[in-house]
Amino acid sequence: MIIIDTALRRRAEEDRPIRVGMVGAGYMGRGLVRHISASVPGMRVAAISNRNPANAERAYKEAGLAPARADTADAISAAVAGGRPVVTEDAFALIAAEGIDCLVDVTGAVDFGARITLAAIERGLPVVTMNAELDCTVGPLLAHRARSAGVVLTGADGDQPAVQANLLRFVRSLGVTPLVAGNIKGFQDEYRTPTTQQPFADRWGQNVHMITSFTDGTKVSFEQAIVANAFGFTVPRRGMYGLDHTGHVDELAQMYDVDELRESGGIVDYVVGTKPAPGVYVLGTHDDPVQRSYLELYKLGRGPLYSFYTPYHLCHFEVPHTVVRAVDFGDAALTPPAGPRVDVVATAKRDLPTGTVLDGIGGYDTYGVAESHTVTRADDLLPMGISEGCVLRRAVTKDTVLSYADVTLPRGRLVDTLRAEQDELFAA
């Protein structure tokens, strides 16, 4: 953090701010624009693309800025060069424009997110993604493409996966071997729907499908799969353990079998009800008996598992940290170094008749559960990020995990091509 502060201060003093291009202007995007504009000297949101430009204009206006509109890369480039905030409907024109230093994806859209990510990589732009849905579905392939192009593609500080990643890196720096990376939730019910979640979404002005994905377990599954893929972890079983525990997070150190954890090489998990929440935790071991005595002296207990946790995740407030890390230091907060270890597979939320067109993430039809990639491939299971728009070939009962054999895929989607390429690339 001190290094990031120093880098931003130097940029502010030299009047050469990092110029961020943002795609998506929903609840989280508006908060990010407001935060950067008011509180992050040395950085500015130079351009925003949104399918409804009025929402992009709203993001700027709520931050006290008056944006112009532009339809072409040349017009966007001119606005960026002149220091004028600009909005556009065309994300690809924004990516093609001169002067953008980093792209931030705040869309949550899988197929469209894949298109803009690939366009940014081809353009040579660092990409900070808040799109966990895309990252879980084809993130390993996109990361491979980015590395091959010499481009940083990273998850965003502030969301639980990168908060876990920062904590994991810290724990490893202590000589501790992480064996559990966990997510703390306050509530989960796989059968929640947009109808049940509409009052909460209205209260906070958020997308009801996104809120539903939080409560039905799909989002935590995406998040933990991303962490597993970045750190070589797995799941202990389909759906993870998903412990219910109303005590303190430190007490979780007594609730896992250390030998099983060591044999697995490390797992991702989540817990419901633990305090403090929301936050993340890492449990790890130390092989040196002398250092274990120091850890006991420093009030971390006798082991064999030691508890480390971060009692909050501050979402958009921390995203600028990632932007600086990517642009000035070439450092990814979170990225998969190789092939997938964990997927999220689509599971029927209710009895579904033949011919149902699946409504996707945060809908009425399915919820996502984490599963090892080995099982996903062996059983040809349907990834949750692929599910939207698929047509059921047969009726399925509630809680059935869907396979590719159960559905007909929509035609012409990039994400299906990328998923097949990812499977082939990492088949070994």
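Since the structure is predicted, the reported quantities are computational estimates derived from the model, not experimental observations.
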Only residue of D406, T397, L392 satisfying side chain to side chain contact (heavy atoms under 4.5 Å, CB included) with L352 is L392
Discussion item. Tell me whether the rings of Y309 and H248 are parallel (<30°), tilted (30 to 60°) or perpendicular (>60°).
Written reply: perpendicular
Flag for Y270-Q188: side-chain donor and acceptor within less than 3.5 Å | yes
If you count every heavy atom of other residues, nucleotides or ligands that lies below 6.0 Å from Y294 atom OH, does the total exceed 12?
no
So side-chain hydrogen bond (donor to acceptor under 3.5 Å, both in side chains) across residues 132-145, not counting sequence neighbours, yields R145-E421
Which of D216, T212, D202 passes side chain to side chain contact (heavy atoms under 4.5 Å, CB included) with Q197? It is T212
inquiry  = Tell me if the CZ atom of R51 is crowded by more than 12 foreign heavy atoms within 6.0 Å.
reply    = no
The complete set of side-chain hydrogen bond (donor to acceptor under 3.5 Å, both in side chains) pairs with one or both residues in residues 108-119, sequence neighbours excluded, reads D111-R115
Residues passing the side chain to side chain donor-acceptor pair (under 3.5 Å) test with R262, sequence neighbours excluded, are none
For residues 356-374, the side-chain hydrogen bond (donor to acceptor under 3.5 Å, both in side chains) pairs (sequence neighbours left out) are T195-Y364, R238-E371, D343-H373, R350-D365, Y367-D399
Can you list, pair by pair, the side-chain donor-acceptor contacts under 3.5 Å of residues 300-307, counting residues two or more places apart and other chains?
| from | atom 1 | to | atom 2 | distance (Å) |
| --- | --- | --- | --- | --- |
| R302 | NE | E296 | OE2 | 3.2 |
| S307 | OG | D250 | OD1 | 2.8 |

Side chains of D90 and T88, donor plus acceptor under 3.5 Å: no
Across all chains, not counting sequence neighbours, the ring pair (Phe, Tyr, Trp, His ring centres under 6.0 Å) partners of H35 are F317
* With no hydrogens and no angle check, is any side-chain donor or acceptor of T310 less than 3.5 Å from a backbone partner on Y312? -> no
Which of I361, V345, T347 passes side chain to side chain contact (heavy atoms under 4.5 Å, CB included) with M384? Answer is I361
**Asked** Taking NZ, NE, NH1 and NH2 as the nitrogens, is one of them in R169 or D331 under 4.0 Å from a carboxylate oxygen of the other?
**Response** yes
Q. Counting only heavy atoms not in R123, do more than 12 sit closer than 6.0 Å to its CZ atom?
A. yes
